[in-house]
Amino acid sequence: MSDDEEFDEDAGGFGEDFEEEDEDDGGDGFGEDLSEDEEIGDDFGEDVEEEELDEDGAGWGQVDDEGDGEDDPTPAADSSVSPTVEDPLKEFSERHFNDGVTGEYSISRISNPLLKALPQGSHANALQMYQLVCQFMGITAEYGKSRLSALQGVQRICYFGIVDEDLRDELYLQICKQMNKNPGKASYARGVILLSLVAGVFAPTKDVYPIVSHTIHNGPKGFVSYIHHLLRRTYTNGCRSEPPCSLEMTAVKRKQVMRIKVIVNPIQNTVQTARLDPASVMQEWVMEICAALKIKNTYGWSIFINRYGSLCSLRGAGGKGLHVMDMISKLDAQAARKGVQNVDVSGQLSLRKEVFARDEDYMVDEEATNLIFDQIREGVSLGEFRCAKSEDYNEVAALVYFCLHGEVADEKTIMTFLNQFLPAHALTEESAKSRFAKVEKLHAKGEYSRRAYSQLEARAKFIKFALEKWGKVNSFSSDGSLMLFPNGKTVPRQSVDFQNPGGSIKKKPSRRSSKRS
């Protein structure tokens with residue numbers, strides 16, 4: 001069905017019972033939470049107007065209609081199945097499906113996976129996955145109703161493909177089969193939603209991509225560029241390690257991507273926005289934000305998330321860093337276990353300098369040096385960077401004071417600074433009044449005062465001082481670079497409920513066949 005109006009007419013809402021025309025037994029599917037934002041009506045699949053961004057540039061926006069040029073990462077050009085054939089799924093199913101299984105919609109239960117080549121060890125999960133697909137799409141004549149919400153169902157469906165690479169093509173083909181000649185308008189629309197969500201988690205092989213592409217082009221016109229965009233991005237940045245979250249469900253129903261706030265300088269309340277889609281990885285955000293800040297060298301910058309007061313880096317082991325949406329999915333899962341719906345990650349993501357080259361020159365990039373200085377001194381104030389001894393805070397305070405006020409050292413200014421800069425536990429150990437004389441003396445005798453350092457020189461010295469205090473050799477590098485490790489727990493100046501994302505999925509070793517004959 002390539003015409004939106006044909007399958008949208010008289011369709012029920014997302015939360016309506018799944019009625020499969022005369023062929024279903026009237027049983028319900030699952031996915032009541034699909035009704036929260038919109039209904040499947042005559043405008044399903046149409047483009048929605050782009051909302052205005054807020055004053056910080058955050059909000060929703062349309063996807064870029066990109067990737068049709070020579071750099072398009074999708075494998076269609078390498079496939080032996082032409083995307084121009086009338087029904088590529090029919091041709092493919094005749095060659096590669098198990099006996100008795102067609103490439104068309106069916107309400108019947110299957111006793112074997114679709115693909116003949118699927119390893120035996122993946123058969124049971126393939127059948128369970130097919131049941132969940134049918135229940136999500138409301139094809140419940142033989143599978144009945146699930147107790148899962150729509151989001152839970154999607155997460156479980158995607159989980160199979162995340163941990164077992166052999167099941168990814170199987171899943172794409174299951175969805176395409178149940179969308180092919182599906183007479184149920186709401187059921188077909190749910191298939192579109194499911195296909196969109198899966199496309200943001202992992203991609204099909206070159207053998208199956210033409211079938212997926214054909215299914216997309218024959219679906220609602222508003223989803224064509226959107227799903228293709230998701231697939232291009234997933235091919236570029238690879239498989240996710242976590243299933244979709246509630247934010248992705250919202251994005252798919254809107255056919256849009258987000259711009260999300262990232263804290264840059266908490267002292268000056270400076271934020272930047274970064275483009276967030278299911279495939280977004282840390283390094284993309286670093287490049288985008290550093291360019292906006294005019295930071296010359298992006299080496300060592302990372303995105304951090306604050307969870308329960310502890311800073312966690314999204315750097316990961318690879319060059320691109322972790323998928324941002326995977327971390328949000330973890331937050332979502334933890335919040336769901338606590339009974340919290342729709343986690344708001346605003347205020348929890350930040351750009352920070354994490355890795356420092358041994359020979360880094362902090363005098364050549366003033367924007368970066370000033371930002372690093374502000375971030376570290378704020379980290380000291382919040383308790384993220386703790387001194388081993390109480391008297392060490394006096395040395396830190398004297399240097400930071402010079403960075404901010406230079407040689408001016410009147411009692412009122414120093415006292416105000418100490419009360420604002422020092423973390424609560426340091427002031428509990430020794431009051432600002434008691435520390436005043438010691439800090440004043442250290443300030444006067446410091447090399448930076450005696451040699452009249454410029455503000456930039458003093459801030460560069462503070463960064464090096466911080467690396468001596470809280471830096472460790474980066475064990476993952478061969479160049480002896482240092483990593484700045486927070487050794488304390490953040491004590492926010494105002495209460496923020498940070499969610500703990502929990503553990504990661506362990507993937508099953510791949511046995512995926514690269515060829516099918």
Side-chain angles (χ1 to χ4, degrees), residues 263-268 300-315 347-356 360 362 369-404 414-443 446 448 458-475 481-500:
I263 297 171
V264 173
N265 192 326
I267 292 178
Q268 299 180 9
W301 290 91
S302 300
I303 300 296
F304 282 77
I305 192 161
N306 194 328
R307 46 182 190 163
Y308 280 128
S310 296
L311 286 173
C312 300
S313 171
L314 274 65
R315 172 166 293 274
Q348 298 187 43
L349 292 159
S350 60
L351 173 79
R352 292 169 179 257
K353 179 76 167 179
E354 181 181 15
V355 180
F356 298 76
E360 195 153 346
Y362 301 103
T369 299
N370 288 335
L371 181 54
I372 296 167
F373 166 74
D374 281 345
Q375 290 180 343
I376 297 176
R377 73 178 172 107
E378 177 72 352
V380 174
S381 297
L382 295 178
E384 294 167 2
F385 299 108
R386 296 178 71 107
C387 292
K389 300 177 182 178
S390 181
E391 55 264 31
D392 290 345
Y393 281 107
N394 298 333
E395 185 179 2
V396 175
L399 177 52
V400 173
Y401 179 86
F402 183 88
C403 291
L404 296 172
I414 293 177
M415 286 294 296
T416 300
F417 163 75
L418 291 176
N419 281 304
Q420 292 177 343
F421 169 69
L422 291 174
H425 67 269
L427 290 172
T428 300
E429 293 170 356
E430 186 177 359
S431 69
K433 185 175 182 180
S434 175
R435 292 180 184 272
F436 167 73
K438 302 171 188 177
V439 172
E440 183 183 38
K441 184 176 181 179
L442 287 168
H443 173 267
Y448 42 86
R459 294 183 176 197
K461 181 177 178 62
F462 173 70
I463 295 170
K464 293 175 182 178
F465 175 88
L467 287 171
E468 293 174 1
K469 286 281 186 185
W470 302 292
K472 296 180 181 178
V473 175
N474 179 12
S475 58
S481 61
L482 298 173
M483 296 185 73
L484 195 58
F485 282 95
N487 63 342
K489 194 168 185 177
T490 304
V491 181
R493 291 193 171 126
Q494 52 186 345
S495 178
V496 180
D497 183 17
F498 296 114
Q499 304 295 334
N500 182 0

_Nearest non-hydrogen partners of Cys387 and Asp392, listed with the distance_ =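 Shortest heavy-atom contact: CB-CB, 3.7 Å.
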_Distance-minimising heavy-atom pair for Ala397 and Leu418_ =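 Residues Ala397 and Leu418, closest heavy atoms: CB-CD2, 3.8 Å.
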*asked:* Pair Phe304, Leu314 - check side-chain contact (heavy atoms from CB on, under 4.5 Å), show working.
replied: CA-CA 6 Å; Phe304 282 77; Leu314 274 65; 5.9 Å; no
*Parallel, tilted or perpendicular: ring planes of Tyr401 versus His443, cut at 30 and 60 degrees*: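 Geometry flag for His443 against Tyr401: perpendicular rings.
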*Step by step, would you call Ile372 with Phe462 a side-chain contact (heavy atoms from CB on, under 4.5 Å)?*
CA-CA 10 Å; Ile372 296 167; Phe462 173 70; over 6 Å; no
*Could you please spell out the steps behind the side chain to side chain donor-acceptor pair (under 3.5 Å) verdict for Arg386 and Asn487?*
CA-CA 6 Å; Arg386 296 178 71 107; Asn487 63 342; over 6 Å; no
*Check the pair Trp470 / Phe385 against ring-ring contact (aromatic ring centres under 6.0 Å, His included), numbers first and verdict last.*
CA-CA 7 Å; Trp470 302 292; Phe385 299 108; 5.3 Å; yes
*So, are Lys464 and Glu360 salt-bridged, with charged N and O less than 4.0 Å apart?*
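Not counted as a salt bridge, because no side-chain N and carboxylate O are separated by less than 4.0 Å.
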_Checking Arg352 against Ser313: is there a side-chain donor and acceptor pair closer than 3.5 Å?_
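Judged by distance alone, the side chains do not pair up.
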*Apply the test side-chain contact (heavy atoms from CB on, under 4.5 Å) to residues Phe421 and Leu427: give CA-CA distance (whole Å), side-chain angles for both, the deciding distance (0.1 Å), then the verdict.*
CA-CA 10 Å; Phe421 169 69; Leu427 290 172; over 6 Å; no
_Before you tell me yes or no, could you show the steps for Glu430 and Lys438 under salt bridge (Lys or Arg N to Asp or Glu O under 4.0 Å), namely the whole-Å CA-CA distance, both residues' side-chain angles and the distance that decides it to 0.1 Å?_
CA-CA 12 Å; Glu430 186 177 359; Lys438 302 171 188 177; 2.7 Å; yes
*Go through Thr369 and Arg459 one step at a time and tell me if the side chain to side chain donor-acceptor pair (under 3.5 Å) criterion holds.*
CA-CA 7 Å; Thr369 299; Arg459 294 183 176 197; over 6 Å; no
*Does the gap between the ring centers of His425 and Tyr393 come in under 6.0 Å?*
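Yes, the ring centres sit under 6.0 Å apart.
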*asked:* With a 3.5 Å distance limit and no angle check, can you tell me whether Tyr362 reaches the backbone of Lys461 through a side-chain donor-acceptor pair?
replied: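 Side chain of Tyr362 to backbone of Lys461: no pair is present.
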_What verdict does the side-chain contact (heavy atoms from CB on, under 4.5 Å) test give for Phe373 and Val400, after you've listed the backbone C-alpha separation in whole Å, the side-chain angles of each residue and the deciding distance to 0.1 Å?_
CA-CA 9 Å; Phe373 166 74; Val400 173; 4.1 Å; yes
*Find the distance between CG (Asn419) and CZ (Arg435) and round it off to the nearest 0.5 Å.*
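Interatomic distance, Asn419 CG to Arg435 CZ, rounded to 0.5 Å: 11.0 Å.
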*Separation between NZ of Lys472 and OG of Ser481, rounded to the nearest 0.5 Å*: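 Here the interatomic distance stands at 14.5 Å.
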